[in-house]
Number of protein chains: 2
Amino acid sequence: MRIGELSRRTGVPARLLRYYEEQRLLHPERGGNGYRSYPESAVAQVQQIRGLLDSGLTTGMIHAILPYLCGTGRLVPAPESVPVETAALLQGHIDRIQARIDCLARNRDRLTAYLAAVRTEGR
Amino acid sequence: MRIGELSRRTGVPARLLRYYEEQRLLHPERGGNGYRSYPESAVAQVQQIRGLLDSGLTTGMIHAILPYLCGTGRLVPAPESVPVETAALLQGHIDRIQARIDCLARNRDRLTAYLAAVRTEGR
DNA sequence: CTTGACCTTCACACTGATGTGAGGCTTCGA
DNA sequence: TCGAAGCCTCACATCAGTGTGAAGGTCAAG
C-alpha cells in the first residue's frame, strides 16, 4: 500500500511516516515511480511504534528493539541473539513505565478523592 | 531556601526550577536582592512535578491539577467553594490520566511479554 | 490532453522540555 | 578588600514531533 492509505488506516500523518523512515523505524520498498510501498504488516507496525513512542521510548531505542518485534509484539522467526544489554535496557524501561503508572494512579486517586469531597459537601 | 539548595535537594537543575516558575508551577517569593526564596515544602512539590512530567503530563495540565493534589503542602481550595464547571474540568483531567495509565499498562504488558519470550527462546 | 489526486524531496518554523553560556549583580569567606 | 561562588536575566541550541508550503513527477478519469 502507498503512504496515503497507510496514513488513513493508522491515523498517522504521512509526514510522520516519512519521519519514522528517516529514523529507520520503517523500511518501505520503492516502486519504479519512486513511491513508497508498504506491506500490510506496516499498519500494525506503525501502531506499535506509536505506542512505544507514547510510552516514552526514544526513536533510537525503538530502532534497537524493532528487529525483534513484529506487529503484535510476537517474536520474529529467529532472534537467537538479542543483545543482553538491549534486554537490560528494555527491562529498565519497563520498570520506568511501571513507576509512571504508579505515579499517575496515585494522583488520579487524589483527584478522585477531592472530587468526591466536592460532590458530597458541595451540597 | 534559595534555588541552589532546592536544586541540590531535588536533583533538578536550577534552570528547570526557573522554567517551572515561568510555567506557574512554582511560586517562590523574592528577597530584596531579587533572589528566589522557596519554602521547605517546595522540595516535595518539585518531586511531585517531576513525577507528573516524567509520566507524560504537560506543564499546562500539571498547572491545572496541582492545586487539588494535597500532600504537597499546598493550600487546597475548599471543596464547597468549587464551582460545578471546575468539577467537570477536573473529571476530564482524571479521565485523561486514566487513558494515559491504560496506554502505559498496555505497552508495559507488550514489552514484558516480548522480553519473556526472548529470554526463554534465546537459548 | 487536461485536471485533480496523490506522490516525491526540500526546507523553514513552531512547541515543550531541557541544555548551555554570556554578562552582570550579590554574598560570603579568607 | 578581593575572589569565588551563587544568583539574576536573556538568549540561543537541541530533540521529537508536527505543520506548512514550494516545486515538481505520476497517474487515472473525463
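Keep in mind that what you see is a predicted model, and the values were worked out from it rather than measured.
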Phosphate-side-chain proximity, [X] and [N], N/O vs OP1/OP2 below 4.0 Å:
| X | N | answer |
| --- | --- | --- |
| Arg30(A) | dT9(C) | yes |
| Thr59(B) | dA17(C) | yes |
| Tyr20(B) | dT18(C) | yes |
| Arg36(A) | dT8(C) | yes |

In this structure, how many angstroms lie between the [atom2] atom of [N] and the [atom1] atom of [X], rounded?
| X | N | atom1 | atom2 | answer |
| --- | --- | --- | --- | --- |
| Met61(B) | dA17(C) | CE | C1' | 17 Å |
| Leu6(A) | dC7(C) | CG | P | 10 Å |
| Leu26(A) | dG17(D) | CG | P | 12 Å |
| Tyr19(A) | dC14(C) | OH | P | 18 Å |
| Leu17(B) | dC8(D) | CG | C1' | 14 Å |
| Ile3(B) | dC8(D) | CD1 | P | 5 Å |
| Leu52(A) | dG17(D) | CG | P | 11 Å |
| Arg8(A) | dC7(C) | CZ | P | 7 Å |

* **Side-chain heavy atoms of Leu16(B) within contact of Arg50(B), under 4.5 Å** =>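 When only atoms from C-beta onward are counted, Arg50(B) and Leu16(B) do touch, with a gap below 4.5 Å.
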**Report entry** Any side-chain heavy-atom pair of Gln23(A) and His63(A) under 4.5 Å
**Finding:**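 SC-SC contact between Gln23(A) and His63(A) ruled out.
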Categorize Thr58(B) for me: base, sugar-phosphate, or nothing, with a 4.0 angstrom heavy-atom threshold over every strand shown.
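Sugar-phosphate, no base atom in range.
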Base, sugar-phosphate, or nothing: which does Arg18(B) touch, judged by heavy atoms less than 4.0 Å apart?
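Base: the residue Arg18(B), judged by heavy atoms under 4.0 Å, touches a nucleobase.
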- Task: Mind listing the residues from residues 94-107 of chain B sitting with a heavy atom below 4.0 Å of DNA chain D? Number order is fine.
- Result: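 Here the set is empty: none.
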Looking at [Y], is its backbone amide N or carbonyl O close enough to the side chain of [X] to form a donor-acceptor pair, meaning the two atoms are under 3.5 Å apart?
| X | Y | result |
| --- | --- | --- |
| Ser37(B) | Arg30(B) | no |
| Thr112(A) | Arg108(A) | yes |
| Arg100(B) | Leu57(B) | no |

Contact string for nucleotides 19-29 of chain C, one letter per nucleotide 5' to 3', B = base within protein heavy-atom range under 4.0 Å, S = sugar-phosphate only, - = neither, reads BB-----BS--
Original post:
What pair of heavy atoms forms the shortest contact from Leu25(A) to Gln45(A), and how long is it?
Top reply: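 What the structure gives for the nearest pair is O-NE2, 4.2 Å.
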Pairwise distance [atom1]([X]) to [atom2]([Y]) - rounded to 0.5 angstrom:
| X | Y | atom1 | atom2 | value |
| --- | --- | --- | --- | --- |
| Met61(B) | Ser55(B) | CE | OG | 11.0 Å |
| Leu115(A) | Tyr68(B) | CG | OH | 10.0 Å |
| Ile62(B) | Thr59(B) | CD1 | OG1 | 6.5 Å |

